[in-house]
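In what follows, a structure is listed as structure tokens, so that the remarks can point back to it.
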Amino acid sequence: MSEIGAIEIAPGTHWVGALDPGLREFDIILRTANGTTYNSYCVRGSAGVAVIDTVKASHADEFFARLEQVARYDEITTIVLNHLEPDHTGALPELMRRAPEARLYISGKAQLMLKALVKHDDLTYTIVNTGDFVELGDRTLHFLNTPFLHWPDTQCTWLEQQGILFSGDVFGCHFCDSRLFNGQVGDFRFSFEYYYAHIMRPFREHVLDALELIDPLPLKLIAPAHGPVLRDAPKSYVQRYRQLAAPLLHVGADFKSLLVFYISSYGNTQRMAEAVRDGAETIDGVRVSLYDLQAGGDLPFVDLIEEADGLAFGSPTINGDAVKPVWDLLSSLAVIKVRDKLGAAFGSYGWSGEAVNMIEDRLRGLKLRVPVKGVRARLIPTESELAGCCELGRQLAQHLTGSNEPKIISMSELLTRESPHA
Ligand code: FEO
């Protein structure tokens with residue numbers, strides 16, 4: 001174990017987590033330049049002791065050694081699990097074995113994960129929601145339901161008498177520094193923002209809902225599940241989350257935003273993109289923007305896509321595939337919410353022309369709706385094919401504005417639509 005013992009963060013309340021300075025990658029997708037911490041806390045009240053979250057299984061020994069410095073197992077009455085991901089529940093089965101009298105408190109959505117993690121036939125627990133609380137004598141833990149931050153099960157726990165928010169992944173970051181408190185550790189701001197961008201950003205609406213619960217609290221300290229304990233200016237971290245979750249600059253109202261992205265080897269897919277744009281612009285209430293992916297990286301476009309209502313992607317087919325800049329942009333959309341936006345695809349091809357269907361499939365996989373069949377053109381688009389692109393843009397814009405007329409589709413038309421090379 002590291003030489004660092006349990007750390008008191010308020011009278012009778014201790015950090016008993018674990019340090020993982022050697023970690024360089026978290027959940028495959030996150031870089032961790034100096035590791036991370038798995039924060040667990042022990043709260044002592046006059047009539048009971050609570051443990052809030054545990055640690056990754058590989059670091060259980062550290063956790064138990066620190067916990068034993070501040071509590072006996074037979075004193076533990078309460079185990080709160082703010083989040084069931086294994087980095088916080090790896091030591092749970094062993095903690096339950098050592099503290100069999102302790103009662104578990106979890107959110108309703110956490111039940112399935114808990115049963116998968118602890119395979120006891122007689123597993124008992126208490127489901128809690130916003131407004132519920134548990135008392136430890138002179139200490140009260142209140143529960144705040146904050147789903148999707150960053151799994152559906154997540155909740156925060158508020159220690160009323162000490163003004164401490166045990167926030168789970170919220171306000172956390174992957175930064176390992178045994179000095180623990182935000183006013184004493186190294187500069188971790190990059191990590192705080194990086195963590196938000198990769199973990200919280202896809203759930204922006206849920207972040208805003210959570211902030212509505214957290215904002216009124218007289219916060220003295222935020223104790224997240226990763227990274228520094230936020231003792232200095234804890235409210236500033238709440239404000240920063242509100243800024244990060246805010247929409248981009250206001251650019252007008254009362255329109256739907258359609259972004260048309262394309263990349264083109266010989267100008268053919270570009271002409272199709274321009275026709276899609278022209279068609280969409282015939283519909284009132286739609287603002288259309290055209291972007292050549294050859295000129296831009298993914299990052300600014302991800303910001304725009306997050307705010308957009310509709311997306312159209314144009315790609316040639318090269319070696320049976322859409323081209324890399326299109327896939328790069330599509331793969332970068334995992335960090336934002338795109339579900340229920342409208343999508344479409346088009347492109348020129350030489351031989352086989354798979355790109356359009358592949359893009360459409362990917363859009364559906366990202367949970368976009370693809371209401372209009374894509375357009376393909378062999379090499380140079382004909383006037384008729386350009387008219388088809390124009391119609392694609394027009395119909396997509398109509399779907400965006402809700403001005404598309406209900407249409408009865410005949411079986412023969414349906415069969416034609418389903419044919420991949422029609
Ligand atoms: Fe730190 Fe979502 O687990």
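Here the structure is a predicted model, which means the values were calculated and not measured. Index from 1, following the sequence. Atoms within each ligand, like the ligands themselves, are counted from 1 in listed order.
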Note to self: Against the six-membered ring of Y194, is R31 placed for a cation-pi contact (under 6.0 Å from the centre, within 45° of the normal)?
What the structure shows: no
Note to self: Restricting to side chain to side chain donor-acceptor pair (under 3.5 Å), what partner residues turn up for E360, sequence neighbours left out?
What the structure shows: none
Notebook entry, point to check: If you draw a 6.0 Å radius around NZ in K256, do more than 12 non-hydrogen atoms from other residues or ligands fall strictly inside?
Noted result: no
Next item on the list: Can you list, by chain and residue number, the protein N, O or S atoms under 2.8 Å from atom 1 (Fe) of ligand 1?
Entry: D87 OD2, H88 NE2, D169 OD1, H226 NE2
Next item on the list: Please say whether the positively charged group of R376, taken as NZ for Lys or CZ for Arg, lies over the ring of F346, i.e. under 6.0 angstrom from the six-membered ring centre and within 45 degrees of the axis.
Entry: no
Next item on the list: Answer yes or no: does atom CD of Q243 have more than 12 heavy-atom neighbours from other residues, nucleotides or ligands under 6.0 Å?
Entry: yes
Notebook entry, point to check: Take atom CZ in R242; do more than 12 heavy atoms of anything else shown fall under 6.0 Å from it?
Noted result: yes
